[in-house]
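As structure tokens, the structure follows; a few thoughts come after it.
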Amino acid sequence: MIRINDIIDKITEYHPDADLDIIDRAYIYSARVHDGQVRLSGEPYLSHPLEVAGILADMKLDVVSVAAGLLHDVVEDTHASIEEINEMFGKDVSHIVSGVTKLSVLPFSSGSQARQAESIRKMILAMADDIRVILIKLADRLHNMRTLKFHSPKKKVKIARETLDIYAPIAGRLGIYWMKEELEDTSFMYLQPEEYSKIENYVRKDKEEGEQYIETVKSIIKKKMDERNLNCEVLGRYKYFYSIYKKMISQNLEFEEVYDIIAFRIILDTIPQCYEALGLIHSLWKPVAKKFKDYIGVPKPNMYQSLHTTVIGPFGER
Ligand code: MN
């Protein structure tokens with residue numbers, strides 16, 4: 001279980017001059033009003049706001065967000081009132097806690113259709129006049145998904161469905177892709193356990209060879225970039241399970257036929273360097289026709305910018 005000192009250490013690292021007094025006070029207050037409450041996991045309830053605040057600190061958010069994260073459930077689940085939060089922690093924190101509380105009482109019908117899901121997502125984004133409300137709600141959902149196994153089977157499916165339809169797309173829209181991927185993969189695990197473990201087994205079987213392959217390709221890329229004095233970081237990893245699954249379904253493939261399950265990322269300093277790196281990759285390995293996307297020239301609606309391509313790699317693989 002994360003401790004308040006871990007959270008304070010994280011904040012101090014990215015914000016050395018932060019006024020940590022509000023974090024201390026929010027922690028003490030939250031501990032007091034949640035005292036005696038227990039999570040389904042059997043842990044003290046306080047572990048949940050602490051984990052949520054830890055996720056927010058990992059995202060390097062400001063102290064107001066982290067304090068509001070510690071307090072995000074006090075109005076809904078304890079005798080605390082918004083007026084009291086306002087008096088003790090100020091207008092910003094109380095405004096955010098109030099926003100998160102309003103979102104948590106929204107009614108969701110399970111098995112909602114795509115259009116309905118879109119209108120719920122729009123409503124959530126419109127209700128939150130402060131983006132920090134959404135970020136706390138997402139961190140809250142992420143920790144609830146991490147601890148979903150303690151719920152009843154029916155509740156697991158309902159929450160996972162809602163996460164996949166509503167919250168994962170919001171995380172994606174905000175450009176928080178690591179969170180979108182974790183929310184999707186965890187939902188996928190509860191909604192389609194058989195398909196999930198099938199893919200998990202395939203990837204595990206493939207793992208040792210795969211790790212070696214990733215290192216080989218990374219060093220080829222790095223060498224090529226070094227030759228042109230392109231200062232860069234090269235990353236390689238398996239795509240996440242749900243994206244592999246979606247590809248299998250949309251293209252009607254067996255796992256063995258999904259070739260591009262490993263993705264590489266080259267991070268450079270400037271935009272011209274990105275295009276230069278792309279040119280180097282395309283001269284090194286043959287690009288697959290129509291698989292190139294220029295999200296720098298045409299950013300995604302959330303301003304995500306990068307170049308995507310598929311190439312035939314050193315061993316004939318995509
Ligand atoms: Mn919560």
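Just so you know, ligand 1 is whichever comes first in the structure, and atom 1 is the first atom listed for that ligand.
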(message) Let me check your reading of the structure: within less than 2.8 Å of the Mn ion (ligand 1), is there an N/O/S atom from E76?
(response)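 No - counting backbone and side chain alike, E76 has no N, O or S atom under 2.8 Å.
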
(request) Look at the N, O or S atoms of H143, main chain and side chain alike, and state whether any lies under 2.8 Å from the Mn ion (ligand 1). (result)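 No, H143 does not qualify, because none of its backbone or side-chain N, O or S atoms lies under 2.8 Å.
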
Determine yes or no for a side-chain-to-main-chain donor-acceptor pair under 3.5 angstrom, with [X] supplying the side chain and [Y] the backbone.
X    : Y    : value
E317 : F315 : yes
N302 : R173 : yes
S47  : E43  : no

(message) What do you get for the angle at the Mn ion (ligand 1) between OD1 on D140 and NE2 on H48, to the nearest 10 degrees?
(response)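 Taking the Mn ion (ligand 1) as the apex, the two atoms subtend 80°.
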
(request) Flag the pair H308 / F292 as yes when their ring centroid distance falls below 6.0 Å, and as no otherwise. (result)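 No; F292 has its ring centre 6.0 Å or more from that of H308.
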
(message) Which atom name does D73 have for its N/O/S atom nearest to the Mn ion (ligand 1)?
(response)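 That would be atom OD2.
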
